[in-house]
Amino acid sequence: MEFFGKIVAAGLMNGAVYGLVAIGFVLIYKSSSVLNFSQGYMLLLGGYIFWSFRGGLRLDLFLSLLLTLPCAFLMGILIERITLRPLIGQPLLSMITVTIFLSLVLEGVASLFWGTYPLEQITIFPKGALKLGKTVLTTESLFAFGLAIVVMMVLIFFFRYTRLGLSMRGVAEGHEIMQSMGISVKRILTICWGIAGVAATLGGILLGGTLGFQLGLSHIGLLAIPAAFIGGLESPEGAVLGGLLIGLIESIVSGYVGKAAGVPASYIVLIVVMLFRPYGFFGLERIERV
Amino acid sequence: MSELDTYPKYLIRNAKLWRDRVALRRKDFGIWQSYTWEDCYQQVKRLCLGLVSLGLKAGDKVSLIGDDEPEGFWAEAAIQSAGGILVALWSDSIPSEIAYIINHSDSKFVIAEDQEQVDKLLEIKNDIPKVEKIIYWDPKGMRKYEDPILMSYEDLKKIGSLHADKHPELFEELIARGKGSEVAQMSYTSGTTGLPKGAMITHDAIITSAKRMHEFAPLDQGEDVITTLASASVFHQWFAGYSYLCGVVINFPEEPETLMQDYREISPRFMLITPRQWQSLSSMTQIRINDAGFLKRFFYNLFLPVGYKVVDLRSAKKKVHPIWKVLYHIGDIFVFRPLRDKLGLVKTRYPVTGSAFLSPDFFRFFQAMGINLIQIYGSTEAGVVSMHPQDDIDNDSVGKVCPGVEIKISDGQEILIKGSSVFSGYYKNPEKTSQVITDGWFHTGDSGYINEKNHLFYLDRIENLDELSNGHKYAPAYIEGKLKFSRFIRDVMVVGGKNRDYLSVIINIDFESIGKWAEANQIPYTTFVDLSQKKEVGDLLRRDLQRVNNTLPERSKVRKFVLLHKEFDADEGELTRTRKLRRAFLQDRYQELIEAIYGNKREMPVVTEVKYRDGRKGVVETNLKIRSVYEEREAMN
Amino acid sequence: MAHTSFYPPSGIYSDSYRKDMRIVKTKTQWVLSIVSLIFLFAIPQIPFFNSPYLLRLLIGVGITIIICLGLNVLTGYCGQLNIGQSAFVMVGGFTSGLLNIHLGWPFWMCVIPAGITSAVIGAIFGIPSVRLKGLYLALTTLGAQIILTWIALFYIPLTAAGFSVGPITIGTLVFNTPKKFYYVAMFFTVMMTFFAKNMMRTGPGRAFVAIRDNDIAAEAMGIDIFRYKLLAFMICTFYAGVAGSLLVHYMMWAHLESFTLQDSIWYVVMVIVGGLGSIEGTIFGVIFITALKELIFVIGPMVEGKLPFLPIGAGSGLLLVIIGGVAILFLIFEPRGLAHRWNLVKAYYRLWPFGY
Amino acid sequence: MLKLNNVEVKYVGVILVLRGVSLEVRDGAIVALLGSNGAGKTTTLKAISGLLHTELGEVTAGSIEYDGSRIDGMDPEQIAKRGIIQVMEGRQVLGHLNVEENLLLGGYIVKNSDIKKDLDMVYDYFPKLKSLRHSTSGYLSGGEQQMLVMGRAMMAHPKIMLLDEPSLGLAPLIVDEIFDIVTRFNAEEKTSVLIVEQNARAALSITEYSYVMENGRVVLDGPSSKLADNEDIKEFYLGLSKLGEKKSYRQVKHYKRRKRWL
């Protein structure tokens, strides 16, 4: 039981991070129907950028964050500008394919500048422990959890109640309609990618803090995809819950079956969900069966 | 079986000789569907016996109206097999014309293609009391038609099959009864004046003309040709000879509109199209070469002069130096053969033109590309008169007089013809018959001469030769022919005559070409009327007129022109069905406009009633601009 | 004459649908096809061409062509994405290898079961996603890559560590050198290419295209989209299985390392660069990317050596950046791939001396 | 004033869809653009609003001028900001958003607008929308959706409204209501309207000037009252034969030759 409690707690901690990354995935899917397979690699690169400021240049934590986040936003924007923008008007297949190729390039960039070996471990949050009954939680993961939840809340509020958020939801419904109303779809798509970049990078920083900065992070980043799908591809709230669920599953399966089983298990869940509830738990019922 | 003196007799022979070989093909859904001689035999037999059981007797007339399709082809044979006389009508004839011809020919049955033709016939049903049945072959849209006078092909063939079961030998007997000296077809030529006249043509006359063509342009069994002419055209019957006499495969295009694409696939051995179509092939070639990339243009410009050089040496009967021959072969590989492929003429042995004037420049151009264009001269009444054999081409003549043709030039320079190809007279019109046939000589009404090599040269219709008030003689068709080679001019009529001291022209613009030109040059337009009166279009045609004028004698030069707000229309009696001008009618109809031209007016308001296809009428109002060919002279006036 | 297409050449016409569907229509095409086939099979006998390096490369190209042909049937003709193709190559390879070592079946008996196993496992992964409109197959194939690798790693004896497999034999002939194996590889490549080319002339082939172009219209025409999408995916994985079988018998060694997610993405790159929906394109794509890879393998270490500030492993990063970059550039600037260039060349020849 | 001079549009650089279209919409006018399917009407509207770019189409020749400056080649957002708002065919609501959210997005481009006042204006024209303000727009009826998209365009205070097939698939009563509102909106807000219609009868009744398109070109234009008498218009767009009776599908002829314009 003690073991189970620990696993659940760890799962929720990680799950929050997956949820955060999944929001970025959902945002891109919602606004342009693109399944962004490079989300995990954006996480990797974002984490590495942070590492360079914090671990490489040894800057102050907040200064590093302050520098990393604009970089992350810029990374998202650049990706959109360079690869997605020229493909406007092309079939969806091309757009999705380009994110697949993008993952090659991003991984390549990461290994080109940071090498293929794991980087020096750095901690972000003060070390400590909190006892909850018999379960011990590290402050580190608590901080991560808290931060992830706060950021998610901010994003969800943003979609609901701001003009920009409303237009992002509008863009999800149809580009031409938005353009006919004089709203620049391109600008909004760019912002979406920027936010996705930031979300992924925050995830990278948080995961890197606990797992270390290494190429394998991209694989963990791929967990955002089942998280987003299970939550419902179009719902930020769903992404959060999907993330927590995937976190739990991963954690439990890793604990009881074997460490390597976490990611495959998440994908098995994804396939099962696809079979029985193709629009996830919070998605809009738009995914049609043939 | 006796002597082969009718097409049906050939059909019987071919069905035995080439039973399972392909006789004709029809393009349908993109595939050339084949019919064997046996198929044709069965089709004709059932149609024939169907007609017979409906009451068709030897000597009865049957009208046929529709586009050129295998069903029509079989119907012709079926009618003639039963001893009937075929009356083929132009598919675009208007109801009143159809009624006149059906009545005049005493047609007992009418075979029609489709709903459109049936509608026209039903409209005049009460005016054609002698017609007992209207039989159609395309059932599309005919489901709701209940008039008892109508019958479908399928039904007719069913009756025919029953009749064949009862009288198994009848079909062969009927055919055997037919004689070559009997009338096979009545061809109504509207002529350029007066009512249509029914020229009676015997089997012998048709077969004679067909044999003359084979003599100069022989083909073998199984070779491909494609139909290019409407079934009402007399040429169509001669052409059928290739099929019956030699077993050449006739291919029917998918639609009249797809002819140009379909013939490229077939690449027919014998290809007769109008001078206008040859001209458009030539201009297409030049336009596309101009739009091609540098390398392609370079090769073309390099080898075309070689082609011209060789052609000129050959037509001057000079020896072609081996170097030129080698160069020409290289050119053939790199330019000429690919071009012939694009034009669909790779297999074509006889590229033929006829029925109107084609400038020698085009002959030279095509010959340089290895396409030895030949001419054929003939008419409904006279049959095939002359044609170029491949080894004796003279670009200025209309061919070498065919063996067996008795020909002489009268004192008035009129071409007279005698021989078995000549028709046997106009139906129910002995007066007119005796006018054109005297002592067995048929008066063609064409002026021309024959040279020492037995080549025939054609000038113009005698009736068209005219002179100006200053006594200058001119041939309108000649000037019109030259003008028509502008791709912007669809039709043109030269106006002049003894009361005028200069020539003017009334032009029908080519809507499609000028429309494209206008688009390319950013000139907005809405309708035909609007486009025809645009200043830019006027300037464009002025340049064409000036160019043609440069090739004309001073006093034959055209001084003024009008771009008409409508096209001359056969439906309104302005043209014959073969698209020849009916001058007298036009002179009369446009009298006011002609007065305005010579009255030095700059424009003239017109109100024209336009008839729509379904009989409704609309009104077009516009101001016709009268323009001078030479702007500066206008200023001087 | 305005919209005439100038192919086939004048004078060649079809009087039946069979004739209209011919692959080889003209004499020139017959001659070219036969000459290139002869050349292909003569390569091991031609000096300079028959270096073991080049032959190995060509064998790799041949096997990859088979893998990518399957992928192109799915992506090019059916509009679905598969980013787990190498997992299915693995299924075929392991199936074939295990049959060989456990039951002693020779290659020729293993190759079809290998393809079928791949196709069946493909179907298991395909069923949930091909029911849905959209490109969700990409998600499940990604899942397949992860899940199948994990299963091979933990749950099947031998596969995690790799095992050796017997060579291909016919009678006493053993195809254990590149020079010998080359013939087997090319035989399969040509066969599978021919099947792929022919497939488009069959009912399912036309159904695939209909689904890609407009699935709603295809459905209205009575095409069972689910069935055909699944069929396309099974064909795709069948091709992968056959290629996998060839691969392990060629290397005589079956190991997980040959079947990574990255390999799967390479295959997508090759198909896209070659041109979706084009058999010729697939061949060009595989050759082009393979050549590019070889080039970078030469250049990469040199760059790494020249720029000492780069970290260890930068060479492999360079490979990814360049190939990923090339693929993206193709998507943006030549989305129809090398096949389009090929078609332009053909059109130039066919239109000669016209420009259009 | 909106003016099209000889506009030519190509898709994907090859397919010519508009071949020299010229037309004019004077300030405050209602103008109709008629024609059958595929004549190029929608393309003309999209050329004006700039939405063509999203479909790989472009104006390859000619010019589109609005108030004396050229707008062809501008992005759709810029054009919309100048006051040209297109209401697209097919009632394109933002289906998962509610009515009010749809309207709010419509007013997105108006700087410093009094959103409440604007909403009230729209609800005044379409009282029904007010009661539906919190409903998900995807579940509205066809007529309500048509009202919503028009209301959404009104939120932008357009100077010219481009209306694409507003009557398509709607009941005659609703069509009348919508056309009434168009006329009222035009009169009260001084907004010019360019309306594309296949329902020529309705369009000719409320417009003062009309253009007829065919094969990417204007083939006929004139005052609407005069066009309504034209034989061709009657035949092909009003569906009347010479006796003034409606043509039923069964009477459609399988003629090979096409209608002609003279």
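Heavy-atom basis, side chains included; hydrogens, waters and symmetry copies ignored. So you know, we letter chains A, B, ... as the sequences are listed, proteins then strands, and number each from 1.
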*B:Phe299 portion near chain C, given a 4.5 angstrom heavy-atom threshold*: side chain
*What residues, two or more places apart in sequence or in another chain, satisfy ring pair (Phe, Tyr, Trp, His ring centres under 6.0 Å) together with C:Tyr77?*
none
*asked:* Below 4.5 Å, heavy-atom pairs only: which of B:Thr348, B:Thr285, B:Asn290, B:Val335 has the largest tally toward chain C?
replied: B:Thr285
*Applying the side chain to side chain donor-acceptor pair (under 3.5 Å) test to B:Asp224, which of B:Arg269, B:Arg25, B:Lys347 qualifies?*
B:Arg25
*Could you tell me which residues satisfy side chain to side chain contact (heavy atoms under 4.5 Å, CB included) with B:Leu327, sequence neighbours excluded, listed by chain and number?*
B:Val306, B:Ile323, B:Trp324
_Need one label for B:Ser280: side chain, backbone, both or neither, based on atoms under 4.5 Å from any heavy atom in chain C._
neither
*Regarding B:Gln42 and B:Glu38, is there a side-chain donor-to-acceptor distance under 3.5 Å anywhere?*
yes
*Answer with side chain, backbone, both or neither: which region of B:Leu345 has an atom nearer than 4.5 Å to a non-hydrogen atom of chain C?*
backbone
